[in-house]
Number of protein chains: 2
Amino acid sequence: MKIDPNSSADLSAQIAQAIKDSIVEGRLIVDERLPSEAELADQFQVSRPTVREALKRLAAQSLIRTQRGAFGGAFVNRISFEDAYSQQITTSTLLLSMNAVSFDTACEARFALERACAPLSARRRTPDHLATMRAEIVRQSQPGLSDETFCASDVTFHRALVDGAGNPVLSYQLAGAVEAMQPLMNMITFTARSREVIVGLHTRIADAIEARDAAAADTALVELTTYTMTLKDSVMAARAAARETLGG
Amino acid sequence: MKIDPNSSADLSAQIAQAIKDSIVEGRLIVDERLPSEAELADQFQVSRPTVREALKRLAAQSLIRTQRGAFGGAFVNRISFEDAYSQQITTSTLLLSMNAVSFDTACEARFALERACAPLSARRRTPDHLATMRAEIVRQSQPGLSDETFCASDVTFHRALVDGAGNPVLSYQLAGAVEAMQPLMNMITFTARSREVIVGLHTRIADAIEARDAAAADTALVELTTYTMTLKDSVMAARAAARETLGG
DNA sequence: AGACTTTTAAATGTCAGACAAATAAAATAT
DNA sequence: ATATTTTATTTGTCTGACATTTAAAAGTCT
């Protein structure tokens, strides 16, 4: 692990990259202890605060964890799905909220990925997954639900569908797509009528998953996609009209 | 933004979380300048090194960037797809390499997601995407290619297929799944015979995408999935047999 | 001998103060 | 008007110190 003191990059960034490379390429293995901060400072010929900044960069990516006290130190972390989930959700949310992505693009990606999970979910879902879906459908049918609650329930429903596939990698990938869409979905479920339609489609999806009927699940998902896009278009049109009225 | 000095968590972690929340929830917007390190230290009632550790955590997640000099400082970063890609790839690679995921699970996820892209790619692929796919097929047909080169080309081929869908969110999601699989794929393409079959299937996929035939592309992808799993099983069996011989 | 308590050493967490280096605005000189 | 120099601000880095945590080691009591 070498660093270049004359490089334009920060020393702490270079050190973090060097250690990261060691982890990714397997030179440092899970639960292995890194040298102490003082030793690292000595090895890289920098001060301890610089080493610490590098270690904090790695900790922020869940690549290491630190423990205080004698025989403490920095240890290579076995990255968990939970860690990966939350990173994924944060990144996806920011990508969408910073307007780098249109609603259409995000929506298309989300439903394309979800359709990929549906056949697997039809085959492998457990009674637990089904129970979650049914429970959320009941919740969504309650009158007077806030948009936030409705959409949170929507997310739970779809995550149960995805988790039903029994593939943690798919769950991890979809977590970002589904959760990040929630704020965007909030704005299109404000009428009782649109909620009714969504609940109806959710019921058809749950029925199909229960019957292990992949084709029916796919059909319902496609309809939900189409309906979501339609709703979004009408919301946009209504807003444009409102602006027109105000402007004129 | 408040922090609790008596909490068990590090001050720098708390500060990083507080600022992160401000960004995710929109109180800090893209390109907005954060207070200087000295001001932050004052606000949070901590020292500058502690503030710096917090900022480095955020920089590691591409949430902020820093600039030296007068009128420099820390600015909220507009997260780019490139940043998101590389984070995604690192996380996925680590998840797989740390053995949290079996080959079967990773493979299933990868091809399920890829099948989700294929119909979109058949509809929207540009001549550029097709040209990349064809070029990589030619490369893969060359004799004497190293496993690494063959698999790197494989990744490029599949990324062209995915990018053909013209949906950056899908490309971003798939980047992790496809790239992270590469090291695992390396071990199953060591015979000329298996490469021939893979190239044949790639050709069928490219043909289908060129003809905008989504169904044919899907069929070929399914066959590629099956074949990949078969190859992996035979590799595993061969290894087990080799161990048996050595052990007996 | 065994169980409990105290000591100790090592490591991270935090702080204070200083200087270096970069950078853009402001002031100055041409 | 342009080019150069100065200056103030801010991040990057270093040194040295102390606080806190922790587990092993040593000591003490039964």
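Lettering follows sequence order; numbering is per chain, from 1.
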key: Distance, rounded to the nearest Å, where A:L11 contributes CG and D:dT11 contributes P   = 17 Å

query = What class does the angle between the rings of B:Y85 and B:Y172 fall in, given that below 30° is parallel, 30 to 60° is tilted and above 60° is perpendicular?
reply = parallel

message = Under a 3.5 Å cutoff, is there a donor and acceptor pairing between the side chains of B:T126 and B:H129?
response = yes

message = Looking at B:R68 and D:dT10, is any side-chain donor or acceptor paired with a base atom of the opposite kind under 3.5 Å?
response = no

ask   = Of the nucleotides C:dA24, D:dT13, C:dT14, which one has an atom closest to the side chain of A:E53?
value = D:dT13

inquiry  = Between P on C:dG13 and CG on A:L40, what's the gap in Å once rounded to a whole number?
reply    = 13 Å

remark   = Taking C:dC15, D:dT15, C:dT12 as options, the one with an atom nearest any side-chain atom of B:P49 is C:dC15

ask   = How many Å lie between CZ on B:R65 and P on D:dT11, as a whole number?
value = 13 Å

request  = Would you tell me whether A:T225 and A:T228 have side-chain atoms, one donor and one acceptor, within less than 3.5 Å of each other?
outcome  = no

request  = Compare the minimum distances between each of D:dT10, D:dG12, C:dA9 and the side chain of B:R33, then state the nucleotide with the smallest one.
outcome  = D:dT10

request  = Go through the N and O atoms of the side chain of B:R48 and the base of D:dG12, and report whether any donor-acceptor pair is under 3.5 Å.
outcome  = yes

query = Side chain of A:D10: nearest nucleotide among C:dA16, C:dT14, D:dG12?
reply = D:dG12

key: Whole-Å gap separating C1' (D:dT9) and CD (B:E37)   = 12 Å

task = Look at the side chain of A:R52 and decide which nucleotide, out of C:dG13, C:dA16, C:dA9, has an atom nearest to it.
result = C:dG13

key: Nearest-Å distance for atom pair CG/C1', residues B:L55 and D:dT13   = 15 Å

Separation of atom CD1 in A:I64 from atom C1' in C:dG13, rounded to whole Å = 14 Å

key: Flag for A:Q87-A:T90: side-chain donor and acceptor within less than 3.5 Å   = no

query = Just by distance, with hydrogens left out, do B:D21 and B:Q17 show a side-chain donor and acceptor under 3.5 Å apart?
reply = yes

message = On DNA chain D, does the nearest nucleotide to B:Q67 precede the nearest nucleotide to A:T50 from the 5' side, or the other way round? Give the residue.
response = B:Q67

task = For C:dG13, take OP1 and OP2 only and decide whether either is under 4.0 Å from a side-chain N or O of A:K56.
result = yes

query = Out of C:dA25, C:dG13, D:dT13, which nucleotide sits closest to the side chain of A:S12?
reply = D:dT13

query = With respect to the side chain of A:S36, which nucleotide from D:dT22, D:dT10, C:dT12 is positioned closest?
reply = C:dT12

